[in-house]
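Structure record follows, encoded as structure tokens.
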Amino acid sequence: MPKLPDHLELKRTRVSCKLDAPNDTESVLYSGAYASMGVDNSSLESFFKEFNVVVNRLSEDDIEFDMIGIDAALANAFRRILISEVPTMAFEKVFIAKNTSVVQDEVLAHRLGLIPLRVDPRMFSYKSEKDEPNEKNTIVFGLHAQCNRGEPRRSVKSEELKWLPNGSMFLLEIENKASSSTTAPRTYTNFKSSQEMQPELSENPIHPKHPDITIARIGPGQEIELEAHAVKGVGKEHAKWSPVATAWYRMLPEVVLLQDICDEEAEKLVEKCPANVFDIEDTPTGKKATAPRPRACTLCRECIREEGWDEKIALRRKKDHFIFTVESTGALPPEVLFTEAVKILEDKCERIITELS
């Protein structure tokens, strides 16, 4: 297969980061872009061969991995889906029976909505305005906190939110007054069975991800009693349903030494790099600068800021190699979030293909 000349291949695959601005930032991976040069970049076989995902770091809350062989548009699609289209469970309605704290009801409800819940949203269905809250679309938590007179002020923490697997405990007063005395009193939910009957929930009860989130501060004689109902939603409807604290990517940095940098210049280069990209190795002829840690480069350009250094060092970014970082809020593990984003993108593609066919 023919290859492009070196200078065109560099423009096609790299972003050159000059002192004033980056160059060659455009992407030309569309079919037939280099057909006149005898190069076909539209083959699915070449995509399957070059595409790769390499996990660099994985913890309970975040993951860092490399996505190799894709366009920036595809990487950005994953980022946007992670932020706004992967569903989670979050508090939507808050029923306040008593609130004598200094925190207003609407502020209290907003703070509750932003508390991440440790529960798999795939076990629940979406709830529309017409649907009645039941065990398949609603999760109920209760909170009753008070500070007795003579006691010091205290913080109400998220650990005081108690999961109510049988549904709401608050009675619907108007409907109960209108109903006969023989009818069981109705609450704000209509659970036919306890959510604890589900094996996944009985072994792993639903709870706030972080037990030490401050909901409010209450003083002597103050009290908060409420119920918070969580439903399934997505981040594009409200940020409280976004499953990630952050999802971002950057192109893989490349630091190329265009000529040998030795002795005093090598020491100067190491000193002025705040990201610790460069190092010095001893050679038979003296000290020589190397760049063993290019991934640490933040493109601050300190290494090429002085006159003449841009002829010695080239800062580049690979257009088809992205370092992706996903930090979960806690509803789902970060690796599961990414696989869910892949499924959503796959569904979108299938929907478009169906509509066009």
Side-chain angles (χ1 to χ4, degrees), residues 15 25 27 29 51-93 109-128 137 139 158 206 208-210 213 228-253 295 298-299 317-352:
V15 175
T25 58
S27 176
L29 298 181
F51 178 73
N52 194 16
V53 177
V54 180
V55 178
N56 301 318
R57 187 185 73 251
L58 175 61
S59 67
E60 182 182 357
D61 296 320
D62 60 70
I63 183 174
E64 180 187 282
F65 56 92
D66 288 10
M67 296 187 68
I68 307 168
I70 64 170
D71 189 41
L74 189 55
N76 196 48
F78 285 126
R79 183 190 67 85
R80 292 173 64 91
I81 291 173
L82 281 165
I83 293 174
S84 62
E85 296 190 49
V86 176
T88 61
M89 305 294 291
F91 293 127
E92 172 68 359
K93 291 185 177 180
H110 184 267
R111 292 181 65 84
L112 288 167
L114 295 177
I115 296 176
L117 301 177
R118 186 66 170 183
V119 55
D120 192 341
R122 294 171 293 184
M123 299 175 57
F124 296 87
S125 57
Y126 288 98
K127 178 184 175 297
S128 67
N137 61 24
I139 302 173
S158 54
I206 303 172
K209 166 62 177 176
H210 305 286
I213 298 175
H229 294 197
V231 297
K232 189 175 181 178
V234 293
K236 62 183 178 183
E237 184 177 348
H238 194 282
K240 65 185 176 185
W241 280 298
S242 183
V244 295
T246 180
W248 62 282
Y249 61 85
R250 62 189 179 104
M251 294 180 182
L252 178 70
R295 291 175 69 97
T298 60
L299 198 60
R317 295 288 187 272
K318 292 190 69 173
K319 292 182 180 180
D320 65 344
H321 190 143
F322 298 91
I323 303 173
F324 219 105
T325 304
V326 178
E327 182 181 338
S328 172
T329 59
L332 288 172
E335 67 274 16
V336 175
L337 289 178
F338 182 71
T339 56
E340 289 299 305
V342 173
K343 292 177 183 178
I344 292 173
L345 183 59
E346 182 181 3
D347 291 341
K348 288 174 176 285
C349 295
E350 290 180 353
R351 195 180 312 123
I352 292 175

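Position 1 is the first residue of the sequence, and the numbers go up from there.
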Compare all side-chain heavy atoms of [X] with those of [Y] and state whether any distance is below 4.5 angstrom.
{"X": "Trp248", "Y": "Glu327", "value": "no"}
{"X": "Met251", "Y": "Lys318", "value": "no"}
{"X": "Val342", "Y": "Phe78", "value": "yes"}
{"X": "Glu340", "Y": "Val336", "value": "yes"}
{"X": "Phe124", "Y": "Ile139", "value": "yes"}
{"X": "Asp62", "Y": "Thr246", "value": "no"}
{"X": "Ile63", "Y": "Phe324", "value": "no"}
{"X": "Asn56", "Y": "Asp66", "value": "yes"}

Report task. For the residue pair His238 and His110, categorise the inter-ring angle as parallel (less than 30°), tilted (30 to 60°) or perpendicular (more than 60°). Result -> perpendicular
Requested in this report: Measure up the Phe322 and Tyr249 rings against each other and bin them: parallel (under 30°), tilted (30 to 60°), perpendicular (over 60°).
Outcome: perpendicular
Between [atom1] on residue [X] and [atom2] on residue [Y], distance to nearest 0.5 Å:
{"X": "Ile323", "Y": "Ile68", "atom1": "CD1", "atom2": "CD1", "result": "10.0 Å"}
{"X": "Leu74", "Y": "Asp320", "atom1": "CG", "atom2": "CG", "result": "12.0 Å"}
{"X": "Glu64", "Y": "Leu58", "atom1": "CD", "atom2": "CG", "result": "11.0 Å"}
{"X": "Lys236", "Y": "Ile83", "atom1": "NZ", "atom2": "CD1", "result": "13.5 Å"}
{"X": "Asp120", "Y": "Thr88", "atom1": "CG", "atom2": "OG1", "result": "11.0 Å"}
{"X": "Lys240", "Y": "Leu117", "atom1": "NZ", "atom2": "CG", "result": "11.0 Å"}

Requested in this report: Evaluate the criterion side chain to side chain contact (heavy atoms under 4.5 Å, CB included) for residue pair Arg317 and Leu299; output intermediate values, then yes/no.
Outcome: CA-CA 10 Å; Arg317 295 288 187 272; Leu299 198 60; 3.1 Å; yes
Heavy-atom closest contact ([X] atom, [Y] atom, distance):
{"X": "Ser84", "Y": "Val234", "result": "O-CB, 3.5 Å"}
{"X": "Ala90", "Y": "Gly113", "result": "CB-O, 4.0 Å"}
{"X": "Ser59", "Y": "Pro334", "result": "O-CG, 3.7 Å"}
{"X": "Val231", "Y": "Asn137", "result": "CG1-O, 3.7 Å"}
{"X": "Phe65", "Y": "Val326", "result": "CE2-CG2, 4.2 Å"}
{"X": "Ser242", "Y": "Thr329", "result": "O-CG2, 3.8 Å"}

Report task. Let me see the working for Lys127 and Glu92 under side chain to side chain contact (heavy atoms under 4.5 Å, CB included), right down to the final yes or no. Result -> CA-CA 11 Å; Lys127 178 184 175 297; Glu92 172 68 359; over 6 Å; no
Query raised in the report: Does the side chain to side chain contact (heavy atoms under 4.5 Å, CB included) test come out yes or no for Phe51 and Met67, once each step is laid out?
Result: CA-CA 7 Å; Phe51 178 73; Met67 296 187 68; 4.3 Å; yes
Query raised in the report: Quick one: does Ser158's side chain have a donor or acceptor within less than 3.5 Å of a partner on His210's backbone?
Result: yes
Requested in this report: Please confirm whether the backbone N or O of Pro121 pairs with a side-chain atom of Lys232, one donor and one acceptor, at under 3.5 Å?
Outcome: yes
Query raised in the report: Is the number of heavy atoms from other residues, nucleotides or ligands under 6.0 Å of Lys209 NZ greater than 12?
Result: yes
Query raised in the report: Between Ile206 and Met123, does a side chain to side chain contact (heavy atoms under 4.5 Å, CB included) hold up when you go through it step by step?
Result: CA-CA 12 Å; Ile206 303 172; Met123 299 175 57; over 6 Å; no
Report summary line: Partner of Glu85 under salt bridge (charged side-chain N to carboxylate O under 4.0 Å, His left out), picked from Lys343, Lys348, Arg80, is Lys348
